[in-house]
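As a basis for the values below, the full set of heavy atoms in this structure was taken, side chains included, without hydrogen atoms, waters or symmetry mates. A note on names: the letters A, B, ... follow the listed sequences, proteins ahead of strands, and every chain is numbered from 1.
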Amino acid sequence: MKPAPFKYIAATSLAHALALKSEHGDEAKFLAGGQSLMPTMNFRLARPTVLIDINGIDEVSGVDLSETGPTCIGAMTRYRTLERDARLAAAFPLIREALPEIAHPQIRNRGTLGGNLCHADPASEMPALAVALRARLKIQSSTQRRWIAASDFFLGALTTDLQPDEMLTTIELPPLGPRTGSCFMEIARRRGDFAIAGVAAMVTLDDDDTCIGARLVFCGVGEMPVDASDATDLFKGEAISDKAIRDVAALAQNMIDPGGSVHASADYQRHVAGVLTERALTTAHQRARDGQ
Amino acid sequence: MDNDLHDIALTVNGAAYNGRVESRLLLSDFLRHDLKLAGTHVGCEHGVCGACTVLLDGEPVRSCLMLAVQANGHAISTIEGLASPAGDYTPLQQAMHDHHGLQCGYCTPGILMTMTAFLDEHASPSEDEVREALSGNLCRCTGYQNIVDAVMTAASRMRG
């Protein structure tokens, strides 16, 4: 229950951190909030030989909110900072709604958005939100920078597209269209536990209340976030009805492949996912109509 | 591998400490073994139980999920720093005593640190808010009701 020995280096700048990662590659891990990495190190499931602490780097922290353009969130921004950002909450109600579901206040005081996305836990909320919000992720190495869509970033359980010399530095969120309502819901055995199933739903209406776009992304029911937005094609060009919501939920249930666990069988996870989908879509639709 | 040692300087309950720690030393173990502040309890060592909660620059964090070396330059508060030097309880400690908010007491240091920070920010909390704030601290004895009662009483007494 104690970490194996490693060499600790506190990076003094982004360039310093990237140079260290380039030098040490897979042997090294970035230490962000540490709320996932430290438990795995305590259990010795992870045994990095070099730990590059990036907590002292201000360049990759903070929220840059734009009224018209994309909003940029530094990868080292802690959940607590996001939770306390009223403007961010107003711009992205989905984030405001999901944050209290993430672990506990003590964990959110340390945990970071970027660290969470790079850990890529299948049951984690933020990867699903990043996909639902069509986030773009800025990836940097000491020699290159590139952008990747969140939907292409997650490759499997605890697996991302990050290369050994790379760091996720910025999460960019495009602005939501007008008359977009969203809702995040999850069911967990205990408050703060990983979800048996969770869903992020978004609905965009035109002036006649006709659906012109919808998003539906699950967490906890597959190896990575499951984008079941195609199920919402049923809504397109229609005024959303209760029956259509039930039909979309039934379709979505067939698009997920939950693994089941001691806490919940796969059938139960699928059932919960269906119920949550109906509720979340109903709420998102209501919010879109009410202009929330 | 040779021990990877680092010099650190931090304050704990207002007192300055300088020390040399191995990089893999957890903050919880640094407090308990090096500083002999064994009031911070260690339960699960993977961030679930909350017994090891301390304040890092005033904010509750899991000391089992931080390295001691990461506390360099920061201010840590532990259970030992709550009561006055003369031994007078804080309103929260007194309320926990009055309401029998503990039985075996193992989880209590983490709960006191968590809820001390919570009361700093929430002068008039609802019972739901108290339970939400408590959700990251496991207690297997009390059933939580007396802890919730204690926090509500402490908040009321602190409002005066």
Testing the basics here: between [X] and [Y], what is the closest heavy-atom pair and its distance to 0.1 Å?
X	Y	answer
B/D4	A/K7	OD2-CA, 3.3 Å
B/G47	A/I107	O-CD1, 3.7 Å
B/G136	A/H104	CA-CG, 3.2 Å
B/L67	A/F6	CD1-CZ, 3.8 Å
A/Y8	B/S23	CB-CB, 3.4 Å

Residue part contacting chain A, namely of [X], when any heavy atom lies under 4.5 Å:
X	answer
B/L26	side chain
B/D29	side chain
B/L56	side chain
B/T53	side chain

Is it the case that atom [atom1] in [X] sees more than 12 heavy atoms from other parts of the structure closer than 6.0 Å?
X	atom1	answer
A/R191	CZ	yes
B/H100	NE2	no
B/R131	CZ	yes
B/D34	CG	yes
B/Y106	OH	yes

Does the side chain of A/P5 come within less than 4.5 Å of B/N3's, by heavy atoms? no
Decide yes or no for B/N137 and A/Q106: does some side-chain heavy atom of the first lie under 4.5 Å from some side-chain heavy atom of the second? yes
Here the gap from B/M66 atom CE to A/N55 atom CG, rounded to the nearest 0.5 Å, amounts to 7.5 Å
Rounded to the nearest 0.5 Å, what separates atom OG in B/S135 from atom CZ in A/R190? 11.5 Å
Any sub-3.5 Å donor-acceptor pair from A/D53's side-chain atoms to B/Q70's backbone N or O? no
B/R24 (side chain) donor-acceptor with A/P3 (main chain) under 3.5 angstrom: yes
Heavy-atom pairs under 4.5 Å with chain A are the metric here; pick the option from B/E22, B/M113, B/E132 that has the most. B/E132
Let's test your reading of the structure: which of B/G110, B/C44, B/P60, B/G73 forms the most heavy-atom pairs below 4.5 Å with chain A? B/P60
Does this structure show an ion pair linking B/E45 with A/K2, if we count only N-O contacts that are shorter than 4.0 Å? yes
Between A/R84 and B/E121, does at least one N-O distance fall below 4.0 Å, as a salt bridge requires? yes
Side chain, backbone, both or neither: which part of A/L37 has an atom under 4.5 Å from a heavy atom of chain B? neither
Is A/A10 in contact with chain B via its backbone, its side chain, both, or neither, using a 4.5 Å heavy-atom distance? neither
Yes or no on side-chain contact (heavy atoms from CB on, under 4.5 Å) for A/N109 and B/R62, after CA distance, side-chain angles and deciding distance? CA-CA 9 Å; A/N109 278 335; B/R62 308 286 203 224; over 6 Å; no
Using the rule side chain to side chain contact (heavy atoms under 4.5 Å, CB included), only one of A/Q35, A/R108, A/R110 pairs with B/V61; which is it? A/R110
